[in-house]
Each structure stands twice: as C-alpha cells, then as structure tokens.
Asker: 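One structure coming up, written as structure tokens, with questions to follow.
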Amino acid sequence: MLLSRMFLPTLKESPSDAEVISQKLMIRGGMIRKVAAGIYNTLPLGLRVINKVENIVRSEMNRAGAQEISMPFVLPAELWKESGRWDEYGKELLRIQDRHGREFCLGPTHEEIVTDLVRREVRSYRELPINLYQIQPKFRDEVRPRFGLMRGREFIMKDAYSFHANDESADIEYRNMFDTYSRIFERCGLAFKAVEAETGQIGGRFSHEFHVLADTGEDAIASCGSCSYAANVERAEVRADAASPIAEAVKKLEKVNTPGKKSVDEVSGFLKIKPAQLIKTLIYETDKGVVAVLLRGDHELNEPKLKRALDASFAALADETTVRKATGAPSGFAGPVNLKAPVYADYAVKAMAEAVTGANEADAHLKNVYPSRDFPQAVYCDLRVAAAGDGCPRCNGTLTITRGIEVGHVFKLGTKYSEAMGATFLDEGGSERPMIMGCYGIGIGRTAAAAIEQNHDEAGMIWPLPLAPFDCEVVPVNVKDLDLAKAASEIYASLNSMDIETLLDDRDERAGVKFKDADLIGIPVRVTVGERNLKNGMVEIKERKNGSVRLVKKEEAVSEVKQLLGRSR
RNA sequence: CGGGGCGUAGCGCAGCCUGGUAGCGCACCUGCUUUGGGAGCAGGGUGUCGGAGGUUCGAAUCCUCUCGCCCCGACCA
C-alpha cells in the first residue's frame, strides 16, 4: 500500500473528548472517527486490525469445531418476550418499531435468536452437540458510552452458542471454548488472564472472563500469588480468616453523641478512629425480606455475594422509610445491637473488638461493641468486595489486585433459554428434554483497543505483529531524491512479493513527519532509506517495540526484515 | 436519571463577563527555499459562532427553548 494513496488522516493533537490512550491513539492514528456517542467509523488502517483479530478468532473457532452463521441485527420482540428478557433487559436494549408498529430491538446478544433457530431444526440427541457462532455488530444502549472502542454502543462481537444433550457434553465444550479462547489471545500476542466471573444479565451457572492485562483496564482482577486462583473482584471470594482470635469483651457498651454524623468518614473523623474500627450497617430490601448487612468500615459490600448468601433474586439498599421502620432511626445510624431484622455479617466483622456502630437512634452511635457479646444472632458469610491482601479462598496465599480489560467471556448457560423457549430434543430413551446451552463471546474491537492499552509509548501504538495493520513500513527519507525513491520502491516491491504486508511512505513530506507518523501507527518494522546510508549501499532497519536499529546492505534488507518478523514464507 | 461543563474554521482553542469589522496555533491551498525526527518566508479564510425564537438600531456575546457532546454521580450509610 502506498501511503500517499491511503485514506489515513493522522492528527498531531487528540480530540478533547478522547479519554483513554487507545481511543486517543486510534483517532490520532487515523483508525477510527466518531459518528455519535459510542458509535464509530472504522477507517482503512483500523479495519485492517479488526480483520486480523476476526481472522484469528475465525480460524480458531473453526478449528474448535464451531460453525459460522449470520443472524439478523434487528430482532423481533416476540422472541425476547418468550425468554422474559424483553422486560428484564432494561434500557440497554434499544427498542424500535417498524412501519406497522410491530416491536423490534437491535441485537445486544443473540441467545433468543439462536435458540429459536435451533429449536426449529434440531429434534434428536443425534444432532447434538452443535456450536454456532457469528461475527457481527451488536448494539447496547449503554448509559454512558466512553473510551472509544473499549465501550461503544455499537461494537463488533464474536458470539457463539452451543447446544448439548447432557451436562458432560456441555462441560466438554466449555473446556474446549476456554482452551480456544486461550489460543486466540495467545495468537493475538497479548498478555491475558482467564478469571472466574459473575454471569450478569446473560444468566447461567458459571463463567470465566478473559482479560487483557493493562493498568488502564476498567475491571479489577483478584489473583492469588501462590495458586492459580483468579477472579473478577465482582466475583472473587475471600477466605474466612479462621486464624484471627475472637477478642474477649472487656469494655462496657457506651452510647456516644454523633450529631449529624452518618457516613463512615464522618463518624470516624468525628470520633477520631480509623474506618476499620467501624461496623457499617446497610439495610437491604430483598425478596427474602428486609435484612441488615454488616461490614467493616473500610470494606465494601459485594451485592452478588449477598444475593447468593440469602438465595435472593433481588436485593437493593432500602429507602429511608424502610430504614426507619427497621431501625427506628434515620438512615446513617443503623446498628446490629438489638436489631429485629436478620443480621448478616461479613467474616471480617467477627474478629472486631471495641468497634463503633450505629445506635438505632438519631445522632447516636455505640462504642465498645463486641460482635459475639452484642449481636450474637449475626450470621457470618463472605460478603465483601475482595481487596489486596485478603486471603485466597483456595489456598493460604494472599490476593493481589491487577487491572484488566474484559475481551472474552465464556458462560455455561444451562437450560435458562432452552426451557423458557422450549428448545427440546428427544434423548436415547425417547423422552423430551431441554437442551443444555453454553455461550461464548469475544469483543473484537475491544480486543484491538486493549492491544493498544497494553502496548504503547509516548510516541504511539506498538502493535504486536499478529494484529499489526502492516508488517513493515518502508520510509524513503526524501522522495525527491530519485535514488532513494527507487531503492525504497524496490525494497517495498520485493517485501510485498514475499507476502509481507508493507506500507511505503512515498509522500513528499519531510523525514520528521514520516517518522512521527510511523511511530504513531506502530508498524512493527521500519526500513529507512536515507541518503547518507544509501551512499554506502546500506539501509536502516528499526524495530518499533524496542527501538533497536541496525544498518544492513540494501540487498539484505528484505531477508533481514523477514527474519525479524520471524517468518519463512 | 441527578449534578456540572462544553458547543466559534478540518483539529486544538481565545473572544462572551462589559452587545458594535469573527480571531490565534496547527492543518489545508499557491509559490520559492528546505529535506534523517511534526521546516522557513510570502500570499490565501475554507465560518449557518450547534439550532429556533426573543430583547436590541445592532447579538458569537443578553434572555427563553431545544439539540448534541463530555465529565461526575446513580443508592457506600
């Protein structure tokens, strides 16, 4: 490709609304342009990267035995009503009407559609298992789209759905997809980690997320330093610390005045104690009734853990009225002592001593609280968001927190959709059973963006070779110097003839401009053809990732590039 | 959804408070010089000041409505 002919509008400055580095660099590097909030044009350079990701995904999915299909982007409401998600999914589901007033939505995910497809065609266990996938745009009307391709409203996703006659088969496929995903991200040349995850809106029984590791990631991952345990902090369990002793209750319970001091910060500041000395009491309304939830002041509640502990399907912080009814006090002064509502406490609360908590009356807290003495009715469980230093739930190790970008997710769905939508088959015994399902997604654009978040420097992007839009860029320092131009074109032509995807910067620009652009778009290998070196029959080869430079004979440039790229084509 | 901010040339911004010729840098176009890290000189403005309405002799500027974009928050007691 000749750069002079390429639609590659690079910018010196990044637009003021760009926030994260991948977004800034993709815009500056002429890969994407914003059309509306969370909606982007993909330009030639960007599309080359997207295609590379897609092709790796496609080849590994095919190798794993999945079959590519294509489902529509505009989906009829009836199927969503059948699964119950028309009402459940909320505002992220962009609903539209056709000219007859029939309801449709833009597809945010395709469980309903694929389940409908398969239930119509598959009758017998003999036709199972089957794994169908597609690579196409999705639309989720995010509350706050941001970060460019990292969290767009419209985005390209690879989504796969598998159907099985029994659990063992579904488990085998889950493992198969897990391994396939590992291969995919390995082939992309990215540092990643597979972690246990929440299932969220897709539903299902258990799941793993694949995270590209990057400090700028939106997700926090807890992983153990001693064993292989790793989980999204939304999910990460915390070991019950059996070792910490239960302190003996020595001091007398004491009521103190805390006028208007509600929050942990306010109360701890007012009483001059550490937040960790406080027991915070959250009043929750759930489908199992109103409960009090206790956490150490410096810890945070993990709502999914609370739901699991209560076996509740709904849990939300109670409103002011409910709080008053449950505690007899305005919110901010709730405490577990003599509380009628059931009390669920995080493990960490058990070992606290001389703690402070709300007195269940306005403007008052209790001092010298001992859990075992003062609220023996509490049920202890794992309720808090895992933090660095917490105990690993699988071994004696300690959890550390790193950041990641979720680029893939594998779910074991079970029969959630097949039961709701009647996707059944006849087993060997002739009885009708719902299919067991799994689903497996990869964010294509997000993977590309994550690659930048993980690999960049001040000058621009640094593409890992498998995702790089081009393998090599040839830069004649001055195209008006015909000798340079000719030498550069020759090298360019022979690289291309060897199937090395090469870009020739044949623009009549000064060297500095070309170098800046080359660094910005981050092609792995650059061949610079300059007057000084060419006089001696030499050209310069530079690697983007480490800046290493070597001079080679003009005639050896091609083989040198080939060797650097580690290819023998 | 709540709060805040912004919308002026392709991009980044000033001008607005205190109404009176629409500006700066980069980019872009022409010419000359220059050619190994975002060149210099000279010339060129490419604009519905987001939109609509209002106040006024006169509105980018003041008022009302509206659209778009961005940020923070969305139950941390």
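What you are looking at is a predicted structure, and each value in this text was computed from that prediction instead of being measured. To find a chain, count down the sequence lines: A is the first, B the second, and so on, and within it residues start at 1.
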Asker: Please work out if A/Glu540 contacts a base, only the sugar-phosphate, or nothing of the nucleic acid, heavy-atom cut-off 4.0 Å.
Answerer: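 Base contact - A/Glu540 has a heavy atom under 4.0 Å of at least one base atom.
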Asker: A/Glu92 CD to B/C1 P: how many Å, rounded?
Answerer: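 Answer to the nearest Å: 15 Å.
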Asker: Given B/G37, B/C69, B/G38, which nucleotide is nearest the side-chain atoms of A/Val513?
Answerer: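 Nearest listed nucleotide: B/G38.
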Asker: Return the value, rounded to whole Å, for the distance between atom NZ of A/Lys516 and atom C1' of B/G36.
Answerer: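 Distance, rounded to whole Å: 13 Å.
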Asker: Mark yes or no: A/Arg95 above the aromatic ring of A/Trp86, with NZ or CZ under 6.0 Å from the six-membered ring centre and no more than 45 degrees from the axis.
Answerer: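 Pair A/Arg95/A/Trp86 counts as cation-pi.
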Asker: Side-chain donor or acceptor of A/Arg526 under 3.5 Å from a matching atom on the base of B/G36?
Answerer: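 Absent.
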Asker: Are A/Arg446 and A/Phe155 in a cation-pi setup, meaning NZ or CZ lies under 6.0 angstrom from the ring centre and within 45 degrees of the ring axis?
Answerer: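 Cation-pi check for A/Arg446 and A/Phe155: fails.
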Asker: Quote, to the nearest angstrom, the P distance that separates B/A27 from B/C71.
Answerer: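 Taking atom P in both B/A27 and B/C71, they lie 28 Å apart.
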Asker: When the P atoms of B/C72 and B/C28 are considered, how many whole Å apart are they?
Answerer: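 34 Å, rounded to whole Å.
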Asker: Would you indicate what A/Lys542 reaches in the nucleic acid, counting non-hydrogen atoms under 4.0 angstrom: base, sugar-phosphate, or nothing?
Answerer: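 Contact class for A/Lys542: base.
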Asker: Given that both distances must come in under 3.5 Å, which nucleotide forms a Watson-Crick or G-U wobble pair with B/G47?
Answerer: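 Because no pair has both required distances under 3.5 Å, B/G47 counts as unpaired.
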Asker: Compare the minimum distances between each of B/G36, B/G37, B/C71 and the side chain of A/Asp519, then state the nucleotide with the smallest one.
Answerer: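 For the A/Asp519 side chain, the nearest candidate turns out to be B/G37.
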Asker: Taking the C1' atom of each, how far is B/C6 from B/A60, in whole Å?
Answerer: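 My reading of the C1' atoms in B/C6 and B/A60 gives 15 Å.
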Asker: Applying a 4.0 Å non-hydrogen cut-off, can you work out what A/Ala37 is touching in the nucleic acid: base, sugar-phosphate, or nothing?
Answerer: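 Sugar-phosphate contact only - A/Ala37 comes under 4.0 Å of backbone atoms but never of a base.
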Asker: Just compare B/C70, B/G36, B/G37 and give me whichever is closest to any side-chain atom of A/Asn533.
Answerer: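 That would be B/G36.
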Asker: Would you mind classifying the nucleic acid contact of A/Thr528 as base, sugar-phosphate or nothing, using non-hydrogen atoms under 4.0 angstrom?
Answerer: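 The residue A/Thr528 makes base contact.
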Asker: Scan every strand shown for a Watson-Crick or G-U wobble partner of B/U30, both distances under 3.5 Å, and answer none if you come up empty.
Answerer: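 Checking every strand shown, B/U30 finds its partner in B/A42, with both distances under 3.5 Å.
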Asker: Are any side-chain N or O atoms of A/Asn360 and backbone N or O atoms of A/Gly328, one a donor and one an acceptor, separated by less than 3.5 Å?
Answerer: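 Looks like no, no N/O pair under 3.5 Å.
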Asker: Would you mind pulling out the nucleotide paired to B/C17, Watson-Crick or G-U wobble, both distances under 3.5 Å?
Answerer: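 The base-pairing partner of B/C17, which may sit in any strand shown, does not exist here.
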Asker: Quick one: pull up CD1 in A/Ile156 and CG in A/Leu47 and give me the separation to the nearest 0.5 Å.
Answerer: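 A/Ile156 CD1 to A/Leu47 CG: 7.5 Å, rounded to 0.5 Å.
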Asker: For nucleotides 23-34 of chain B, read 5' to 3', which letter fits each nucleotide if B means a protein heavy atom sits under 4.0 Å from the base, S means only the sugar-phosphate is that close, and - means neither?
Answerer: --BSS------B
Asker: What distance, rounded to whole Å, do you find between the two P atoms, one in B/G4 and one in B/G43?
Answerer: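 It works out to 48 Å between them.
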Asker: Which nucleotide, B/C76, B/G36, B/C72, lies nearest any side-chain atom of A/Lys280?
Answerer: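 Selected nucleotide (nearest to the side chain): B/C76.
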Asker: May I have the distance from A/Lys261 (atom NZ) to B/C76 (atom P), rounded to whole angstrom?
Answerer: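 Going from A/Lys261 (NZ) to B/C76 (P), I get 17 Å.
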Asker: Applying a 3.5 Å limit to both distances, which nucleotide forms a Watson-Crick or G-U wobble pair with B/U35?
Answerer: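 Looking at the geometry, B/U35 pairs with no nucleotide.
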Asker: Need to verify one output field. Residue with the more 5' nearest nucleotide on RNA chain B, A/Ala334 or A/Ala511?
Answerer: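 Counting from the 5' end, the first nearest nucleotide belongs to A/Ala511.
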Asker: Nearest-Å distance, CD (A/Glu142) to P (B/A74)?
Answerer: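 Atom CD in A/Glu142 sits about 17 Å away from atom P in B/A74.
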Asker: Quick check: on RNA chain B, is the nucleotide nearest A/Glu531 upstream (toward 5') of the one nearest A/Pro15, or the reverse? Name the residue that is more 5'.
Answerer: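 By nearest-heavy-atom nucleotide position, the 5'-most residue is A/Pro15.
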Asker: Shortest non-hydrogen contact from A/Asp506 to A/Lys514?
Answerer: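 A/Asp506 and A/Lys514 have their closest heavy atoms at C-NZ, 4.4 Å.
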Asker: Please name the nucleotide paired to B/G73 by Watson-Crick or G-U wobble geometry with both distances under 3.5 Å, or report none.
Answerer: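 Looking at the geometry, B/G73 pairs with B/C1.
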Asker: With no hydrogens and no angle check, do the side chains of A/Thr10 and A/Asp517 hold a donor and an acceptor under 3.5 Å apart?
Answerer: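 A donor-acceptor contact under 3.5 Å links the two side chains.
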Asker: Would you measure the distance from the C1' atom in B/G54 across to the matching atom in B/G10 and give it in whole Å?
Answerer: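 It works out to 33 Å between them.
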Asker: Under the criterion side chain to side chain contact (heavy atoms under 4.5 Å, CB included), which of A/Val290, A/Val293, A/Thr322 is the partner of A/Tyr284?
Answerer: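 Testing A/Tyr284 for a side chain to side chain contact (heavy atoms under 4.5 Å, CB included) against A/Val290, A/Val293, A/Thr322 leaves exactly one candidate, A/Val293.
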Asker: Please report the interatomic distance CD1(A/Ile405) to CE(A/Met150), rounded to the nearest 0.5 Å.
Answerer: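 Going from CD1 on A/Ile405 over to CE on A/Met150, the span is 4.0 Å.
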Asker: In the strands shown, is B/U55 matched to any nucleotide by a Watson-Crick or G-U wobble pair with both distances under 3.5 Å, and which?
Answerer: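 Its partner is none (no Watson-Crick or G-U wobble pair with both distances under 3.5 Å).
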Asker: Tell me whether the side-chain N or O atoms of A/Asn478 pair up with the base of B/G36 as donor and acceptor below 3.5 Å, since no angle test is needed here.
Answerer: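 No.
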Asker: Quantified in whole Å, what is the C1' atom distance between nucleotide B/U34 and nucleotide B/G58?
Answerer: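 Per the computed distance, 49 Å lies between those C1' atoms.
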Asker: To the nearest Å, give me how far apart CG (A/Asp298) and P (B/C76) are.
Answerer: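 Roughly 17 Å, once rounded to whole Å.
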Asker: Just how far is it from atom CE of A/Met538 to atom CD1 of A/Ile541, taken to the nearest 0.5 Å?
Answerer: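 Rounded to the nearest 0.5 Å, the CE-CD1 separation comes to 10.0 Å.
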Asker: Under a 3.5 Å cut-off for both contacts, is B/G7 paired Watson-Crick or G-U wobble with anything, and if yes, with which nucleotide?
Answerer: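 The answer is B/C67, by the H-bond criterion.
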Asker: Reckon A/Arg384 touches a base, only the sugar-phosphate, or nothing at all at heavy-atom distances under 4.0 Å?
Answerer: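 Here A/Arg384 touches no strand at all.
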Asker: Judged by atom type as modelled, is there a donor-acceptor pair below 3.5 Å linking the side chain of A/Ser22 to the main-chain atoms of A/Glu453?
Answerer: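 Checking the backbone N and O of A/Glu453 against the side chain of A/Ser22, no donor-acceptor pair under 3.5 Å is found.
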Asker: Please state the C1' separation for the pair B/U55 and B/C62 - nearest whole angstrom.
Answerer: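 Rounded to whole Å, the distance is 8 Å.
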Asker: Taking atom P of B/C75 as reference, at what distance in whole Å does atom CD of A/Glu303 sit?
Answerer: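 My rounded result for the distance is 8 Å.
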Asker: Please work out if A/Asp481 contacts a base, only the sugar-phosphate, or nothing of the nucleic acid, heavy-atom cut-off 4.0 Å.
Answerer: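 Nothing, no heavy atom under 4.0 Å.
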Asker: Mind checking A/Ala316 for me? I need base, sugar-phosphate or nothing, with any heavy atom below 4.0 Å counting as a touch.
Answerer: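 Base, at least one base atom sits under 4.0 Å.
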Asker: Taking atom P in both B/C13 and B/G20, what distance in whole Å separates the two?
Answerer: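 Their P atoms lie roughly 24 Å apart.
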Asker: Round to a whole Å and report the spacing from CD of A/Gln23 to P of B/C70.
Answerer: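 Roughly 9 Å, once rounded to whole Å.
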Asker: Whole-Å distance between B/A9 C1' and A/Leu11 CG?
Answerer: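 Between C1' of B/A9 and CG of A/Leu11: 15 Å.
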Asker: Of A/Arg308, A/Lys305, A/Lys350, which meets salt bridge (Lys or Arg N to Asp or Glu O under 4.0 Å) against A/Asp382?
Answerer: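 Single pass found, and it is A/Lys305.
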